[in-house]
Amino acid sequence: MLRSFGEHLDKRRWRERIETARFGAPAHTVTDIKFYEDDRCLIRYRKRGQGKAIVFMCDAPATLELYDPLFDALDDQLTVIAFEVPGNGFSVPKPDYSFKFNLTNDAIARFLGSVAGEGAILAFSCGGAYAAIDIAARYPQYCDRLVVIQAPSWEEEMKWKVRRDPSGVISLPIIGQLLFPRMMVSRAPQWYDLCVGDRNQIDRFCSCTSAAFDHGSRFSLASMFQSYLAGDMVPFGQPEQPTLALWGALDGSHGETDKFSSQKLAKNTTVKILQNVGHFPELENPGQFRQLIMSWSGN
């Protein structure tokens with residue numbers, strides 16, 4: 001019950017937030033902003049390009065505005081889609097939305113069916129990568145290849161979660177939801193300083209995220225830790241689709257993580273460690289990411 005009430009705190013003022021997203025500054029920051037809405041949530045996304053779809057989930061606190069170089073690198077060969085999961089950025093969970101693992105992934109699957117169609121490449125990062133794994137296993141029609149970025153085995157992810165919240169405050173229902181919004185503005189630059197490998201890009205990440213916070217961007221890390229990344233039991237099966245596990249070696253948040261544990265996530269997984277980038281290999285070096293994807297996918 002406490003966890004449910006905590007989630008409720010991350011869904012407050014949902015009507016006002018939808019109004020702001022659809023008609024305020026978040027709808028006009030770049031020309032290709034779009035919205036998907038159903039009875040559970042509003043999802044802000046971008047879609048551009050041609051050919052096979054590749055779908056990215058924004059790794060909060062990063063928002064869609066950071067994705068221009070990645071779109072530019074890929075949209076001549078692929079239909080590039082990036083979206084903010086409800087509760088993060090300017091995507092809004094409605095009262096009936098749930099942050100629980102399977103239910104969140106069901107909502108993402110509905111979005112994929114409407115916006116990307118069948119047979120996409122899912123390229124999800126960090127905690128979001130487990131959504132891609134679960135969707136590939138339960139909704140295989142929406143995914144024929146997987147790219148998981150900075151995502152170890154579920155057991156290793158649980159260790160990472162504890163390292164990111166050593167006091168356990170964020171993982172406490174209600175308290176986490178009340179305290180983290182006050183912490184996130186000051187913690188975002190610290191996070192980027194820890195995990196962005198290309199030091200010359202830290203200012204770009206920080207300024208973009210600061211501007212998003214100024215316009216009302218959210219980061220529901222407390223509900224994610226409490227409901228989505230809850231428990232030690234692996235909540236997904238091993239999908240059969242070809243899977244590329246990418247690691248940026250300069251990510252300080254994963255210094256202790258067993259990167260080759262990613263091989264446990266899917267039945268056919270190749271692990272690739274990139275020495276020149278950090279937590280955001282697709283955003284820090286889009287050209288390198290393009291080469292890897294084109295070679296691996298055969299496009």
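In this chain, residues are counted from 1 in sequence order. Not measured: the values here are computed from a predicted model.
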| request: Give the intermediate values and the outcome of side chain to side chain contact (heavy atoms under 4.5 Å, CB included) for residues I43 and V115. | output: CA-CA 11 Å; I43 294 179; V115 172; over 6 Å; no
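- Between the side chain of Y228 and the backbone N or O of A131, at least one donor-acceptor pair lies under 3.5 Å.
- Considering every non-hydrogen atom in both I81 and A53, the closest pair reads CD1-CB, 4.4 Å.
- Residues that satisfy the side chain to side chain donor-acceptor pair (under 3.5 Å) test with D134, not counting sequence neighbours, are N105, R138.
- K264 has its side chain out of reach of V234: every pair of non-hydrogen atoms, C-beta onward, lies at least 4.5 Å apart.
- Between H254 and W160, the two ring planes are parallel [angle under 30°; tilted spans 30° to 60°].
- E240 contributes no side-chain N or O that, together with a main-chain N or O of N268, makes up a donor-acceptor pair within less than 3.5 Å.
- Ring geometry, F280 versus Y192: the interplanar angle falls from 30° to 60°, so the pair is classed tilted.
- For the residue pair N276 and Q288, a side-chain donor N or O sits within less than 3.5 Å of a side-chain acceptor on the partner.
- Side-chain atoms of E65 do not come within 3.5 Å of backbone N or O of C208 as any donor-acceptor pair.
- We find the CG-CG distance between L78 and D75 to be 9.0 Å, quoted to the nearest 0.5 Å.
- Two residues are said to be in side-chain contact when any heavy atoms from C-beta on lie closer than 4.5 Å; L146 and F124 fail this criterion.
- In this structure, S98 and R40 have side chains that are not in contact, with every pair of non-hydrogen atoms separated by 4.5 Å or more.
- Residue F90 is not grouped with residue M184 when hydrophobic side chains (ILVMFWY) are merged at heavy-atom distances under 4.5 angstrom, including chains of intermediate members.
- Heavy atoms only, all atoms of each residue included: L265 and A151 are closest at CD1-O, 3.5 Å.
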| task | Starting from the C-alpha separation in whole Å, work towards a yes-or-no answer on side chain to side chain contact (heavy atoms under 4.5 Å, CB included) for Y97 and T104. | result | CA-CA 8 Å; Y97 182 84; T104 290; 3.4 Å; yes
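- Under the 4.5 Å side-chain heavy-atom criterion for Ile, Leu, Val, Met, Phe, Trp and Tyr, M158 and V148 are members of the same hydrophobic cluster.
- Here D68 does not pair with R48 in a salt bridge; the nearest charged N to carboxylate O distance is not below 4.0 Å.
- F180 and F225 have their aromatic ring centers separated by at least 6.0 angstrom.
- Sequence neighbours left out, the pairs with a member in residues 19-51 that pass ring-ring contact (aromatic ring centres under 6.0 Å, His included) are Y36-F111, Y45-F111.
- Between the side chain of T79 and the backbone N or O of G51 there is at least one donor-acceptor pair closer than 3.5 Å.
- In this structure a side-chain-to-backbone donor-acceptor pair under 3.5 Å is missing from S210 to C206.
- For D203, the side chain to side chain donor-acceptor pair (under 3.5 Å) test picks out no residue, with sequence neighbours left out.
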| task | I would like to know whether V277 and E282 meet side chain to side chain contact (heavy atoms under 4.5 Å, CB included); could you show each step before the answer? | result | CA-CA 9 Å; V277 289; E282 75 282 25; over 6 Å; no
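- S207 places a side-chain N or O within donor-acceptor distance of the main-chain N or O of R204, the cut-off being under 3.5 Å.
- A salt bridge between D76 and R290 is present, with a side-chain N of the basic residue lying under 4.0 Å from a carboxylate O of the acidic one.
- A continuous path of hydrophobic side-chain contacts links L244 to I54 [ILVMFWY only; heavy atoms under 4.5 Å].
- C58 places a side-chain heavy atom less than 4.5 Å from the side chain of L64.
- Using a 4.5 Å heavy-atom cutoff, the side chains of L292 and L274 are in contact.
- Side chains of D106 and Y139 form a contact here, defined as non-hydrogen atoms less than 4.5 Å apart.
- The aromatic rings of Y67 and F71 sit perpendicular to each other, their planes meeting at more than 60°, with 30° as the lower class boundary.
- Taking all atoms of both residues into account, the shortest heavy-atom contact from K259 to I273 is CB-CD1, 4.3 Å.
- Taking both residues in full, the closest heavy atoms of S261 and S153 are given as OG-N, 3.0 Å, listed atom of the first, atom of the second, then distance.
- Remark: the backbone N or O of D96 is not paired with any side-chain donor or acceptor of K11 at under 3.5 angstrom.
- Counted within 6.0 Å of CZ on R199, heavy atoms from surrounding residues, nucleotides or ligands total more than 12; the atom is thus considered enclosed.
- Note: Q241 CD to I133 CD1 = 8.5 Å, rounded to the nearest 0.5 Å.
- Listed by chain and number, the residues in a salt bridge (Lys or Arg N to Asp or Glu O under 4.0 Å) with D251 amount to none (sequence neighbours excluded).
- Although no hydrogens or angles enter the test, the distance criterion places no donor-acceptor pair under 3.5 Å between the side chain of R46 and the main chain of V80.
- M224 is not connected to L42 by any chain of hydrophobic side-chain contacts under 4.5 Å among Ile, Leu, Val, Met, Phe, Trp and Tyr, and they are in different clusters.
- Linking ILVMFWY side-chain heavy atoms closer than 4.5 Å, directly or via other members, places M57 and I293 in a single hydrophobic cluster.
- Within 6.0 Å of CD on Q291 lie no more than 12 heavy atoms contributed by other residues, nucleotides or ligands.
- Scanning all heavy atoms of the two residues, the minimum distance from S262 to T269 falls at O-CG2, 3.7 Å.
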Please output the side-chain donor-acceptor pairs of residues 162-177 that fall under 3.5 Å, not counting sequence neighbours, one pair per line with the distance.
| residue | atom | partner | partner atom | Å |
| --- | --- | --- | --- | --- |
| R163 | NH2 | T257 | OG1 | 2.9 |
| R164 | NH1 | S253 | O | 3.4 |
| D165 | OD1 | G168 | N | 3.4 |
| D165 | OD1 | V169 | N | 3.2 |
| D165 | OD1 | I170 | N | 3.2 |
| D165 | OD2 | I170 | N | 3.3 |
| D165 | OD2 | S171 | N | 3.0 |
| D165 | OD2 | S171 | OG | 2.9 |
| S167 | OG | V169 | N | 3.4 |
| Q177 | OE1 | I174 | N | 2.9 |
| Q177 | OE1 | Q226 | NE2 | 3.3 |
| Q177 | NE2 | G6 | O | 3.4 |
| Q177 | NE2 | S223 | OG | 3.0 |
| Q177 | NE2 | Q226 | OE1 | 3.0 |

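- Pairs passing the salt bridge (Lys or Arg N to Asp or Glu O under 4.0 Å) check and including a residue from residues 144-162, sequence neighbours excluded, read K52-D144, E156-K159.
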| task | For W191 and F219, run ring-ring contact (aromatic ring centres under 6.0 Å, His included): C-alpha distance rounded to whole Å, both residues' side-chain angles, the deciding distance at 0.1 Å, then the answer. | result | CA-CA 13 Å; W191 168 245; F219 182 12; 8.5 Å; no
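- At distances below 3.5 Å, not a single donor-acceptor pair connects side-chain atoms of Q263 with backbone N or O atoms of V271.
- In this structure, the side chains of V85 and S91 stay at 4.5 Å or more apart for every pair of heavy atoms.
- Between the S114 side chain and the R110 main chain, no donor and acceptor come within less than 3.5 Å of each other.
- For the pair F99 and R3, the minimum side-chain heavy-atom distance is 4.5 Å or more.
- Rounding to the nearest 0.5 Å places CZ of F56 at 15.0 Å from CD of E84.
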| task | Could you walk me through whether T63 and R44 pass the side chain to side chain contact (heavy atoms under 4.5 Å, CB included) test, one step at a time? | result | CA-CA 10 Å; T63 58; R44 191 176 78 129; 4.2 Å; yes
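- Here CG of D198 is found 11.5 Å from CG of L283. Values are rounded to the nearest 0.5 Å.
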